[in-house]
There are 2 protein chains.
Amino acid sequence: MGRVSLTEADLQQAIDTFEAFLREKRLKMTDQRRQMVRAVLEKRGHFTADDLYRKLSGSGEPVSMATVYRGLALLEESELLEGHDFADGQRRYERALDREHHDHMICVDCRAVIEFTNERIEKLQEQAATQHGFTLDDHSLTLFVKCNELRDNGNCERREAKLARQNA
Amino acid sequence: MGRVSLTEADLQQAIDTFEAFLREKRLKMTDQRRQMVRAVLEKRGHFTADDLYRKLSGSGEPVSMATVYRGLALLEESELLEGHDFADGQRRYERALDREHHDHMICVDCRAVIEFTNERIEKLQEQAATQHGFTLDDHSLTLFVKCNELRDNGNCERREAKLARQNA
DNA sequence: ATATCTGCAAATGTTTTGCACTTTT
DNA sequence: AAAAGTGCAAAACATTTGCAGATAT
């Protein structure tokens, strides 16, 4: 599915990609932005601005919240990150570079995030937009679900849910 | 699709439904809540807490913002209203009682909201949740689209988009 | 050199809450 | 009478912004 670990080469490549994006917009590469790229690549799952801020605060080179927000906007624009709104008041991000498109299921009880893809749903969305005379630009599909185990046993310890929570 | 106008009987029925819900939770029916039910039934499309607050402020019987928020939560819980997060920083509501389930397309340019339904997508969502060992509780599907006319002519005056904006 | 960045603190916008008083049950 | 609701102002929260000094090009 994804890489097992982050190599120096991976990191450098991501930084290069981001720098190319910045150059095109006449923006500058800075230490803070490099730190953000690194921290973001280490994240396994979904994270908030505050998660990232804290991760960087813990490291030797903290970055202010204002800079985190400004950087996240650029990382999203450059398509290194993808942002989602899961209707809980905080925007969530995930690594997008080298990852395939997917949608999300969220357990309404434990808030675990599970990724899934469904080619047929994708096609039908495309068709629906076309039928209404529009061109599909983007979409957001989130299924709010309950684990069956949770429902039956009162806990949510499925493998997938666990995996999803391992957000470095 | 919907009713043409709101009759006194419709209003009374909605108030009764809400009152039954309140009674079950040992909560009280008040003038403010009655005003909110009336105002909400008059809304044709999607609206924010602030829209509702302003509508009530304009009427003879204003309701405070705090009460609007508290009331909206109850109206949603009682299923007279349905709430959505369209990722623009404000929760939006629409009448749910006597309305069929639907999803939304939003024009990324003019923010017009178009409703649509697709039975096959619904079924596939159900299946996707089941395949992953979950039970589907709810879902949120929003297509972000561009009108073809908009793309070609720089305006968004489609019939459906116009209709969607007629939010009383 | 000059345009862009950063951190800070202040501002923003939406939603929530504590509290004293009022209304429903 | 008791429980719940209301309005107000203040708080909470995530996010954005103005600005003076620092940094990248």
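Chain letters run A, B, ... following the sequence lines, proteins first and then strands; every chain starts at 1. Since this is a predicted model, take the numbers as computed values, not measurements.
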Atom pair distance, as rounded to whole Å: CD in A:E76 and P in D:dT15: 11 Å

Integer-rounded Å distance: C:dT17 P and B:Y69 OH: 13 Å

Below 4.0 Å: OP1/OP2 of D:dT25 and any side-chain N or O of A:R23: no

Nearest-angstrom distance from the residue atom CG of B:D50 to P of C:dT15: 9 Å

Validation row, ring centre A:H104 to ring centre A:F116 under 6.0 Å: no

Of the listed nucleotides D:dG5, C:dT6, C:dG7, the one nearest the side chain of B:T30: D:dG5

Whole-Å distance separating the CG atom of A:L52 from the P atom of D:dT15: 12 Å

Shortest side-chain distance from B:A66, nucleotide among D:dA9, C:dT24, D:dT25: D:dA9

Test applied, salt bridge (charged side-chain N to carboxylate O under 4.0 Å, His left out); reference residue, A:R99; option that passes from A:E79, A:E82, A:E115: A:E115

Test item: B:I15 and B:R38 side chains (from C-beta on) under 4.5 Å apart, heavy atoms: no

Value in whole Å for how far the C1' atom of C:dT24 lies from CD of B:Q32: 11 Å

Nucleotide D:dT25, atom P - distance to CG of A:L22 in whole Å: 9 Å

Nearest-nucleotide comparison on DNA chain C, the residue closer to the 5′ end among B:R70 and B:M29: B:R70

Heavy-atom side-chain proximity of B:V68 to B:L56 below 4.5 angstrom: yes

Distance in angstrom units between A:F21 CZ and C:dT4 P, rounded: 14 Å

Pairwise 5' ranking along DNA chain D for B:R26 and B:P62, keeping only the more 5' one: B:R26

Minimum-distance nucleotide to A:K28 side chain [options: C:dC5, D:dA4, C:dC8]: C:dC5

Distance, rounded to the nearest Å, where B:R34 contributes CZ and D:dG5 contributes P: 13 Å

Position toward the 5' end of DNA chain C (nearest nucleotide), B:Q90 or B:L27: B:Q90

Distance flag, aromatic centroids of A:H46 and A:F86, threshold under 6.0 Å: yes

